[in-house]
Amino acid sequence: MENRTTLKKSLKPQWVWAIALGSSIGWGAFVQPTNWMSTAGPLGVIIGFLIGALLMMLIAVSYGFLIKSFPVSGGEFAYAFISLGRTHAFVSGWFLTLGYICIVALNASAFALMIKFVFPAVIENLYLYEIAGWEVYGMEILIASILLGFFGFMNIRGAGITGRAQFYFCLVMIASIVTVTLMVGAQPGAGLGNIDAYFPAETTAFAAIISIVAIAPWAYVGFDNVPQAAEEFKFSSKKAFSLIIFAILAAAILYSMMILATAMTQPWEALVAEGHAWGTGVAIQELLGTFGLVLLVVALSMGIFTGLNGFIISTSRLLFAMSRAKIIPGAFSKLHSKYETPYLGIIFAVIVSMIAPWFGREALVWVVDMSSIGVTIAYFYTCYTAFTLFKSSKGSDFNPQKHVVAPGKKTFALLGMVASLTFLALLLIPGSPAFLGIESRIALIAWVVLGLIFYFMKRKELNDIPEEELNYLITGSEEIKVKNRE
């Protein structure tokens with residue numbers, strides 16, 4: 001049996017926490033508040049995000065257990081293999097790869113959009129064409145590509161550099177959000193008095209809250225980057241669960257603070273009615289002037305940088321794990337001779353993401369909306385795997401090498417499965433507040449068809465790999481064993 005390539009252990013706990021938090025708080029927290037409030041009102045958005053955080057914490061119980069037991073790159077790809085075999089591992093990995101790369105591309109596009117708002121004369125140069133109502137400029141593509149190239153280069157240099165940078169980016173982002181919120185609250189004419197109407201007049205409180213809960217998988221996607229980096233932990237994998245919980249909690253608080261900061265600037269219904277492309281930016285600039293806008297731009301930049309960094313890490317590690325398992329070409333599991341990073345996976349993620357800005361932001365948003373399906377499927381696989389490994393008691397099917405008696409955690413895993421299926425239903429059932437648009441559904445069908453073609457091309461080769469060898473390549477052991485048992 002061939003030697004199994006492994007990654008260097010270089011990530012500290014605070015860096016991993018920053019990967020989870022920074023990946024969860026992206027451009028949406030700073031750009032979307034007025035859009036969210038138009039749907040649910042300030043209180044509806046905040047309650048919706050808090051409920052979403054609690055549901056994510058239910059799912060995080062399963063993640064914590066599986067990261068502790070199987071600290072390997074691949075995360076949900078590996079978990080799907082453990083419980084359901086190689087075909088389901090491929091399905092999980094296929095959808096996650098798309099989801100991660102799309103989020104990388106969207107964050108790069110969001111940075112160009114921010115530059116366009118602050119310095120429109122810079123971006124609106126080299127007009128190329130229009131797609132779905134979005135004017136595509138050469139400068140927009142150039143800025144997004146330079147940013148992607150920088151983070152790709154930084155990731156190739158090693159997880160130690162990217163982990164430390166991620167932590168500092170998060171600290172700056174948190175400080176900026178707290179400062180902006182406090183400054184808004186201290187201004188005459190601003191404050192909580194502008195939040196008289198908690199929900200939109202045309203909808204019920206319940207419908208408003210549910211519309212926000214439905215986007216929780218998208219809002220908090222990023223905490224699931226932790227298992228992708230598990231092989232590189234320079235600490236006990238038992239800490240993963242608490243790091244994820246603290247990251248989700250911090251993300252919920254930061255989302256809520258940005259909603260409050262936006263809603264307190266002026267009566268929120270009037271702000272929403274004005275229909276600005278970046279309502280939060282306009283509101284903060286009008287109230288706090290250039291300094292306030294600079295703080296907001298710094299916070300948004302840090303949110304974009306942490307999202308880019310976190311999802312490049314995750315994409316490359318997922319490709320590395322799938323390559324190591326011989327599901328995709330072996331080149332993706334080769335490590336850099338000096339830095340010991342999966343450099344070809346990093347380069348691939350960056351190059352594919354560089355293609356996306358050429359299609360315009362609206363086309364990219366359709367694909368990202370569709371990729372929420374992939375993330376939700378990964379949540380389900382994780383919870384299902386944990387559910388099969390937790391046992392209520394030592395029954396006849398209990399295997400001490402594979403199972404753990406934990407009836408409470410088994411219940412949490414079941415609730416996580418239900419939450420995942422609920423999110424999936426909200427995205428796919430017509431009439432749901434989060435039902436995918438026609439463009440996103442077309443993109444989803446196209447990706448499924450591509451996946452089927454690729455799978456049937458690779459099926460014979462994949463099925464020819466002996467079970468023991470595949471266990472070893474994915475989990476590091478010829479048999480699936482629960483490590484660090486309680």
Side-chain angles (χ1 to χ4, degrees), residues 17-18 20-58 60 170-187 190-200 203 205-223 244-269 271-272 278-281 283-284 287-288 292 295-296 298-300 302-304 306-307 433-434:
W17 171 81
L21 172 61
S23 302
S24 299
I25 298 287
W27 63 275
F30 309 96
V31 175
Q32 294 288 81
T34 51
N35 294 333
W36 291 333
M37 287 193 297
S38 68
T39 302
L43 189 59
V45 178
I46 291 171
I47 293 174
F49 275 129
L50 292 177
I51 293 172
L54 291 174
L55 292 173
M56 291 298 106
M57 288 178 187
L58 282 177
C170 277
L171 291 182
V172 173
M173 178 178 68
I174 292 168
S176 300
I177 292 173
V178 171
T179 303
V180 166
T181 306
L182 291 176
M183 287 178 65
V184 169
Q187 298 303 308
L192 295 174
N194 286 328
I195 314 178
D196 284 340
Y198 297 136
F199 302 97
T203 188
F206 178 78
I209 292 168
I210 289 298
S211 69
I212 299 301
V213 172
I215 65 169
W218 176 84
Y220 291 105
V221 62
F223 79 83
I244 290 173
I245 292 296
F246 286 132
I248 294 172
L249 183 61
I253 292 170
L254 294 175
Y255 271 121
S256 299
M257 291 183 76
M258 282 311 305
I259 296 298
L260 281 174
T262 305
M264 289 193 301
T265 56
Q266 57 183 280
W268 68 270
E269 290 170 303
L271 174 63
V272 166
W278 187 17
T280 299
I284 295 297
L287 185 70
L288 300 179
L295 275 178
L296 185 62
V298 168
L300 172 55
M302 294 302 105
I304 291 170
T306 53

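Residue numbers start at 1 and run along the sequence shown.
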Looking only at heavy atoms, what is the nearest atom pair of [X] and [Y], with distance?
X: Ala283; Y: Thr265; answer: CB-OG1, 3.4 Å
X: Leu296; Y: Gly281; answer: CD2-CA, 3.7 Å
X: Ala18; Y: Cys170; answer: O-SG, 3.5 Å
X: Ile284; Y: Ala261; answer: CD1-O, 4.2 Å
X: Asn35; Y: Ser38; answer: O-OG, 2.5 Å
X: Ile244; Y: Phe223; answer: CG2-CD1, 3.6 Å

I need the [X] [atom1] to [Y] [atom2] distance, nearest 0.5 Å.
X: Asn194; Y: Met264; atom1: CG; atom2: CE; value: 9.0 Å
X: Met257; Y: Ile259; atom1: CE; atom2: CD1; value: 12.5 Å
X: Ile245; Y: Leu249; atom1: CD1; atom2: CG; value: 8.5 Å
X: Trp27; Y: Ile304; atom1: CH2; atom2: CD1; value: 9.5 Å
X: Leu254; Y: Ile177; atom1: CG; atom2: CD1; value: 4.5 Å
X: Leu55; Y: Ile248; atom1: CG; atom2: CD1; value: 10.5 Å

Would you mind reporting whether [Y] and [X] have side-chain heavy atoms less than 4.5 Å apart?
X: Gln187; Y: Leu288; result: yes
X: Ile25; Y: Met258; result: no
X: Thr262; Y: Trp268; result: no
X: Leu300; Y: Thr280; result: no
X: Ile46; Y: Leu260; result: yes
X: Pro33; Y: Val45; result: no
X: Ile47; Y: Ile51; result: yes
X: Val180; Y: Phe30; result: no

Can any side-chain N or O of Ser23 pair as donor or acceptor with the backbone N or O of Ala20 at less than 3.5 Å?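 Looks like no, no N/O pair under 3.5 Å.
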Could you check Ile209, Ile210, Thr203 and say which one makes a side chain to side chain contact (heavy atoms under 4.5 Å, CB included) with Phe206?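 Among Ile209, Ile210, Thr203, the one meeting side chain to side chain contact (heavy atoms under 4.5 Å, CB included) with Phe206 is Ile210.
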After noting the C-alpha distance and the side-chain angles of Ile195 and Leu43, does the key distance pass the side-chain contact (heavy atoms from CB on, under 4.5 Å) rule? CA-CA 9 Å; Ile195 314 178; Leu43 189 59; 6.0 Å; no
Taking the inter-plane angle between the rings of Phe49 and Tyr255 on a 0 to 90° scale, is it parallel (under 30°), tilted (30 to 60°) or perpendicular (over 60°)? parallel
